[in-house]
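Letters A, B, ... mirror the listed sequences (proteins, then strands); counts begin at 1.
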Amino acid sequence: MTGMEVEIAGVRLKNPVMTASGTFGAGQEYGEFVDLNRLGAVVTKGVSNVPWEGNPVPRVTETPSGMLNAIGLQNPGVEVFCERDLPFLARYDTRVIVNVCGHSEQDYLEVVERLAGESAVSMLEINVSCPNVSRGAIAFGQDPDCLCAITSKIRRAAAQPIIMKLTPNVTDIAEMARAAEAGGADAVSLINTITGMKIDIERQRFVLANRTGGLSGPAIRPVAVRMVWQAARAVKIPVIGMGGIATGEDAVEFLLAGASAVAVGMMNFHEPRTTENVIGGIEAYLRRHGIENVKDIVGAVQDQVF
Amino acid sequence: MTGMEVEIAGVRLKNPVMTASGTFGAGQEYGEFVDLNRLGAVVTKGVSNVPWEGNPVPRVTETPSGMLNAIGLQNPGVEVFCERDLPFLARYDTRVIVNVCGHSEQDYLEVVERLAGESAVSMLEINVSCPNVSRGAIAFGQDPDCLCAITSKIRRAAAQPIIMKLTPNVTDIAEMARAAEAGGADAVSLINTITGMKIDIERQRFVLANRTGGLSGPAIRPVAVRMVWQAARAVKIPVIGMGGIATGEDAVEFLLAGASAVAVGMMNFHEPRTTENVIGGIEAYLRRHGIENVKDIVGAVQDQVF
Amino acid sequence: MQVQRQNRFKAAMEVVRTELLAGDIWSTILRYPEELAPEMREARPGQFVGVYPKDGSRLLPRPISICRLVPEERTLRLVYRTVGAGTEEIAAMPAGSAVEVLGMLGNGYDTESMAGRRVVLLGGGLGIPPMLELAASLYGKAAPGSGQEVPSAAERKTAVTAVLGYRSAPLFLKEDFEASADAVYIATEDGSEGTAGNVLDAVRERGIRADVLCACGPLPMLRAVRDYAAEQGIPAYISLEEHMACGVGACLGCVVKTKHEDPHSHVKNARICTEGPVFPASEVEI
Amino acid sequence: MQVQRQNRFKAAMEVVRTELLAGDIWSTILRYPEELAPEMREARPGQFVGVYPKDGSRLLPRPISICRLVPEERTLRLVYRTVGAGTEEIAAMPAGSAVEVLGMLGNGYDTESMAGRRVVLLGGGLGIPPMLELAASLYGKAAPGSGQEVPSAAERKTAVTAVLGYRSAPLFLKEDFEASADAVYIATEDGSEGTAGNVLDAVRERGIRADVLCACGPLPMLRAVRDYAAEQGIPAYISLEEHMACGVGACLGCVVKTKHEDPHSHVKNARICTEGPVFPASEVEI
Ligand SMILES: Cc1cc2nc3c(=O)[nH]c(=O)nc-3n(C[C@H](O)[C@H](O)[C@H](O)COP(=O)(O)OP(=O)(O)OC[C@H]3O[C@@H](n4cnc5c(N)ncnc54)[C@H](O)[C@@H]3O)c2cc1C
Ligand SMILES: Cc1cc2nc3c(=O)[nH]c(=O)nc-3n(C[C@H](O)[C@H](O)[C@H](O)COP(=O)(O)OP(=O)(O)OC[C@H]3O[C@@H](n4cnc5c(N)ncnc54)[C@H](O)[C@@H]3O)c2cc1C
Ligand SMILES: Cc1cc2nc3c(=O)[nH]c(=O)nc-3n(C[C@H](O)[C@H](O)[C@H](O)COP(=O)(O)O)c2cc1C
Ligand SMILES: Cc1cc2nc3c(=O)[nH]c(=O)nc-3n(C[C@H](O)[C@H](O)[C@H](O)COP(=O)(O)O)c2cc1C
Ligand code: FES
Ligand code: FES
């Protein structure tokens with residue numbers, strides 16, 4: 001048996017594979033295709049203090065080897081989440097990580113405080129990087145000082161370990177990872193989507209009602225791997241990697257780059273069983289290479305030898 | 001006849017389609033496939049003051065709908081360029097735009113001064129954004145003050161109009177475009193490649209000897225269109241758009257987003273005749289929509305109507 | 001709104017046959033594996049599938065409605081317009097090849113509630129194909145309790161009228177409807193066949209009476225149907241489209257504004273792929 | 001170094017036949033259009049083509065060497081290992097389908113300079129296939145000036161010896177070489193056939209004498225060939241590989257370090273796709 005267990009900020013996951021926030025609802029929809037008990041963790045869609053309507057449609061569109069989305073963080077709010085979605089997730093033998101979003105510091109703190117008493121919640125992932133909310137939340141994730149400040153406020157309010165989710169839309173990802181660490185983050189996750197745009201040339205209009213959207217999928221994988229590598233070298237806290245993971249091999253690439261765990265996002269839409277396939281693929285890789293424990297490959301990439 | 005002529009900084013191009021620097025050599029190689037006389041302009045591979053060796057191999061690798069490169073700006077230097085490559089290009093009825101690279105301010109100025117007397121050179125494109133040179137040149141393109149300063153120095157030294165080529169690896173592309181404009185740039189071009197990485201999981205090594213490389217191709221097109229749109233709204237000088245253009249339709253997307261001209265890069269490697277196909281595709285689009293002049297669609301994208 | 005169906009799957013199907021019906025409208029017949037018999041038994045007209053392109057640069061499923069489901073032959077028929085690279089790829093898939101399909105998606109029409117009524121189906125353009133399975137499942141059905149599996153003409157209670165709106169001749173699927181509806185009327189925008197105008201022009205011109213309207217087609221048509229139903233005081237069920245990513249309710253990409261708070265989302269947004277694509281016309285803001 | 005060939009094209013070719021030779025080694029025969037006859041006449045062994053995958057997520061051409069070119073049949077044979085998605089796609093292309101090919105790339109071997117000499121071809125692994133076209137073009141050739149199109153055995157001046165190194169049996173292409181070379185020797189790493197060891201072990205074991213060496217195979221083998229040639233005081237031409245993007249010399253992706261300044265690049269880097277892939281072993285730093 002290969003060892004697939006990993007630990008992030010003191011929380012044990014049976015394997016390093018999670019769902020990426022916003023691509024797996026609160027688990028129910030893909031529960032028809034995937035055995036949720038197999039997953040390292042389910043990361044929920046962003047949850048805010050009150051219900052959010054999100055953006056007008058069209059909200060999604062395909063791009064070469066990827067897609068753009070501008071959902072705008074529609075969600076039923078933390079109360080409905082706790083009453084309806086959390087009990088559903090709690091039935092499974094997997095970790096629940098709640099992705100938290102907000103327009104203001106206060107918004108985040110309200111959600112974090114409301115979740116403090118929920119023992120079914122193992123960790124919080126703080127989305128300071130969603131490019132689709134217009135009221136300035138992106139600034140938290142694009143300025144190191146803001147990021148550090150909000151991290152430490154949330155850290156003080158949170159009962160669970162917090163993962164700061166970083167945006168790739170920055171000049172220096174290492175600096176952002178260090179800012180999160182300095183603020184007390186227990187882990188960082190990256191990458192969120194890269195801001196992009198598509199234009200319908202026949203109608204001469206933006207395809208997305210929001211004009212811009214977030215690019216995800218295999219198209220961005222090389223950028224994600226690079227940033228995970230840079231972040232992992234910059235900080236001591238664990239890094240959770242994501243961006244275009246489709247197979248176990250892709251996941252191994254992130255692990256080698258320095259991620260302690262990985263998340264599967266857009267590719268769930270291509271193949272609902274991607275998360276399970278990724279787990280199987282990592283196991284097969286470890287077996288093929290005679291590696292006993294998945295932890296042994298974290299950050300193990302080396303330079304070419306000639 | 002649809003009007004395909006455009007003007008950038010006083011220089012007339014017979015059509016808005018150029019080659020992207022570094023993907024078309026100095027024109028000779030693809031001259032076997034494409035009639036160079038058909039092109040709006042040929043943009044050369046980066047030229048430095050002295051010959052550059054570039055990076056060790058592997059220098060290129062494929063990624064989903066894209067590729068990574070870390071050529072490291074190998075080039076024979078400005079003297080050989082002027083003696084061998086420029087006379088070749090001057091034989092064609094197309095504009096020659098020389099892409100200029102350097103490690104230091106002085107490097108850039110030497111090239112720009114050497115080219116000042118070359119009447120066959122219509123414009124200079126200043127690459128302050130190559131992620132593959134290690135001696136700090138990237139900083140010019142990632143800090144607005146540095147960018148503004150170097151732009152104004154080059155502007156003073158240059159005999160030809162200068163196009164500042166912007167890197168997408170920044171938090172705020174509009175700010176960078178404004179910095180170039182403030183420094184006296186005659187135009188900006190974007191995007192250069194997005195820094196990425198690929199790991200060979202079987203060998204647990206970086207695929208590229210340089211570890212990181214620049215991502216280009218259709219994968220990055222949504223990011224490029226977004227940045228072109230943001231830059232075009234931020235400045236009054238013309239914007240030249242590039243990133244993953246494969247067809248006339250793709251080029252129209254950039255024009256609608258606000259680009260006055262476009263460049264074809266990686267897709268030359270997929271289909272050597274891409275530049276000509278793109279020209280034909282734009283013409284067909286204009287005819288189909290009864291648009292008389294390509295200038296009429298520059299920046300013409302609008303919001304959805306419901 | 002209607003209860004979400006529980007007949008989801010992702011499976012490979014075999015391309016049996018593809019033919020061009022008219023212009024750029026194609027018909028593809030897929031054969032599904034035996035294992036899917038239970039899911040297909042649960043299928044309802046108005047449900048749709050997601051067809052995955054094979055090209056690795058196109059990763060999202062293409063939503064296409066059930067046009068016809070024939071369990072005896074294990075066939076699923078799709079009729080679609082080639083509008084882009086994905087549908088073109090589907091139309092070019094050779095007979096015998098395999099294609100990945102995500103199904104059965106969406107709620108579909110509640111045909112039981114329509115039994116014994118005069119049901120008028122309004123299909124405009126690519127809204128025509130999904131009406132065929134709806135016609136076929138309503139046609140020849142007696143009202144519940146009649147106790148007749150194959151009722152005689154006199155006992156037949158559900159009256160199915162199809163009104164099909166095309167841009168112009170040549171028409172497609174007309175013969176199929178004639179075999180599955182009590183009456184079929186045609187409208188063409190250019191007047192090349194039937195009523196000149198849209199489906200509602202045909203309804204008015206032919207004086208077609210309805211207890212229930214079911215409609216699929218472009219938004220302006222659906223808005224007109226909603227208004228006509230309100231005017232007539234009858235229910236109308238309309239089938240909506242939106243750009244989709246997951247197709248299963250997970251991404252929240254495909255919402256429509258609703259009149260009242262949606263019980264799933266707790267905002268006035270319902271997921272077309274899950275709570276829809278069929279909605280009572282009076283409950284959505286289109 | 002040798003002059004760049006002037007026989008480039010990009011064209012669709014027809015897949016005639018694909019077969020598995022051994023393990024994961026495939027042979028695909030392509031038929032090229034008549035218009036390419038001039039380019040093919042100019043082709044030299046050691047040149048290569050770029051085969052474009054059809055999948056839209058894989059955009060770069062796959063460099064594959066000419067294994068055999070038969071102008072009478074308008075066929076180009078490629079022999080390759082399926083190592084990734086691109087080569088797997090090529091192996092799966094059905095007979096009759098079309099594939100885009102960029103060619104003829106690289107300089108190839110200067111066979112004229114070898115006429116009348118004892119030429120020993122060393123192929124290791126996937127370095128074996130390109131040696132076949134080289135053998136075929138050398139074999140049966142008289143030295144220039146002999147005036148014989150098909151010389152008798154006595155007049156035959158070029159002696160072609162092929163030494164083929166495999167990991168292990170089953171061997172591939174052996175029969176093809178036997179028809180195109182004066183002598184064929186085998187080496188296998190595991191000793192399952194021929195000499196146990198590599199091609200140079202076979203050369204030594206069999207006491208094979210050479211005036212010229214031509215080699216293609218993994219880097220360690222090429223380094224050993226370079227050293228052996230230097231030791232023997234004979235020229236060796238080696239064929240190199242590198243990751244490529246354009247294949248035509250435009251991107252500078254595929255360089256090899258050279259001993260002297262390269263006349264094109266003005267640095268000590270030569271483009272493998274253009275100045276190579278065949279280099280005098282003494283002139284490159286491998
Ligand atoms: C519930 C539902 C049922 C449908 N049923 C049918 C049908 O039976 N017959 C038919 O011809 N068409 C139907 N459509 C529309 C069909 O899904 C699109 O025409 C198709 O996805 C276009 O794909 P493409 O790759 O050819 O076009 P492209 O424009 O290249 O597609 C790019 C992306 O946009 C999406 N997209 C483009 N147009 C639409 C659209 N109108 N609606 C939703 N997504 C779109 C594609 O799915 C893809 O993700 C239906 C749509 C929905 C939502
Ligand atoms: C001049 C030349 C001639 C060649 N001739 C042959 C031949 O006759 N038979 C044969 O089996 N192989 C040959 N190769 C190697 C062959 O090009 C690769 O095995 C092939 O490109 C792998 O593609 P893939 O998509 O299956 O693998 P992947 O690993 O999925 O390819 C990913 C990318 O890496 C590139 N790549 C991967 N391996 C290599 C490699 N070894 N060399 C260059 N690029 C690589 C691919 O072209 C592609 O761009 C040759 C290479 C060169 C440079
Ligand atoms: C439809 C969609 C919705 C998303 N919603 C959220 C969200 O609510 N919160 C968040 O932090 N990230 C969100 N993301 C970003 C993903 O979690 C992930 O970071 C990103 O998509 C990159 O991974 P991928 O390429 O595997 O999709 C969303 C992504 C998609 C595609
Ligand atoms: C192989 C390669 C070499 C490049 N060399 C240069 C260069 O020398 N100077 C430069 O400014 N940009 C260079 N670029 C960037 C391109 O000019 C272009 O900005 C980028 O690739 C995006 O366009 P594309 O997606 O169409 O390739 C290079 C790109 C590639 C792929
Ligand atoms: S398409 Fe994802 S929720 Fe409907
Ligand atoms: S592959 Fe581009 S120069 Fe050789």
Side-chain angles (χ1 to χ4, degrees), chain B residues 19 22-33 45-46 50-77 79-81 83-85 198 202 207-209 213 216-219 244 246 265-273, chain D residues 4-12 39 50 52-63 83-86 100-105 219 240-258 261-274 284-286:
Chain B
T19 61
T23 66
F24 213 76
Q28 192 135 24
E29 289 77 15
Y30 282 115
E32 296 183 43
F33 297 95
K45 172 77 189 159
V50 293
W52 280 12
E53 292 229 331
N55 291 323
V57 289
R59 291 177 170 185
V60 290
T61 189
E62 193 183 73
T63 68
S65 295
M67 65 173 281
L68 289 168
N69 91 79
I71 308 296
L73 293 170
Q74 179 187 324
N75 80 90
E79 279 311 324
V80 174
F81 174 78
E83 281 154 36
R84 179 187 63 190
D85 299 334
K198 193 162 126 184
E202 298 308 321
V207 171
L208 299 178
S216 57
M266 149 172 201
M267 288 306 279
N268 290 306
F269 309 154
H270 178 68
E271 166 52 68
R273 296 174 207 105
Chain D
Q4 191 191 306
R5 306 301 292 166
Q6 294 293 340
N7 57 346
R8 286 190 183 155
F9 60 82
K10 169 143 187 283
E39 283 80 3
Y52 287 96
K54 287 187 212 289
D55 190 284
S57 69
R58 293 191 279 276
L59 297 170
L60 296 180
R62 269 42 182 181
V83 297
E100 290 289 322
V101 177
L102 183 72
M104 284 299 170
L105 306 176
L219 265 190
L240 300 179
E241 281 191 14
E242 187 45 72
H243 281 69
M244 294 185 173
C246 70
V248 299
C251 76
L252 307 182
C254 66
V255 297
V256 60
K257 289 264 149 240
T258 50
E261 187 181 294
D262 172 70
H264 175 83
S265 70
H266 286 258
V267 292
K268 291 181 176 177
N269 275 339
R271 297 167 299 183
I272 292 178
C273 70
T274 305
V284 287
E285 305 272 10
I286 54 171

**OP:** Please identify each residue that fulfils side chain to side chain contact (heavy atoms under 4.5 Å, CB included) with D/V83, with sequence neighbours left out.
**Re:** D/R81, D/T87

Original post:
Less than 4.5 Å apart, any side-chain heavy atom of D/C246 and any of B/E29?
Top reply: no

Subject >> Interatomic spacing from CG in D/L60 to NE2 in B/H270 - rounded to 0.5 Å >> reply: 9.5 Å

Original post:
Looking only at heavy atoms, which two atoms of D/H264 and B/P76 are closest? And how far apart?
Top reply: O-CB, 4.4 Å

Original post:
Within a strict 4.5 Å, meaning less than it, do heavy atoms of the B/T23 and D/C251 side chains meet?
Top reply: no

Subject >> Separation between CD of B/E83 and NE2 of D/H266, rounded to the nearest 0.5 Å >> reply: 8.5 Å

Original post:
Which salt bridge (charged side-chain N to carboxylate O under 4.0 Å, His left out) pairs, counting each pair once, include a residue from residues 65-77 of chain B, with sequence neighbours left out?
Top reply: none

Original post:
Between B/P218 and D/L59, which heavy-atom pair has the shortest distance, and what is it?
Top reply: CD-CD1, 3.6 Å

Original post:
Side-chain contact, heavy-atom cut-off 4.5 Å: B/E53 with D/K257?
Top reply: yes

Subject >> Side chain to side chain, B/F269 and D/V248, heavy atoms closer than 4.5 Å >> reply: no

Subject >> pair B/V57-D/V256: side-chain heavy atoms closer than 4.5 Å >> reply: no

Subject >> Spatial distance of atom CZ (D/F9) from atom CD (B/E32) [nearest 0.5 Å] >> reply: 12.0 Å

**OP:** Answer yes if the side chains of D/N269 and B/Q74 hold a donor-acceptor pair under 3.5 Å, and no otherwise.
**Re:** yes

Original post:
Can you tell which of D/M244, D/E261, D/K268, D/H243 has the highest number of heavy-atom pairs within less than 4.5 Å of chain B?
Top reply: D/H243

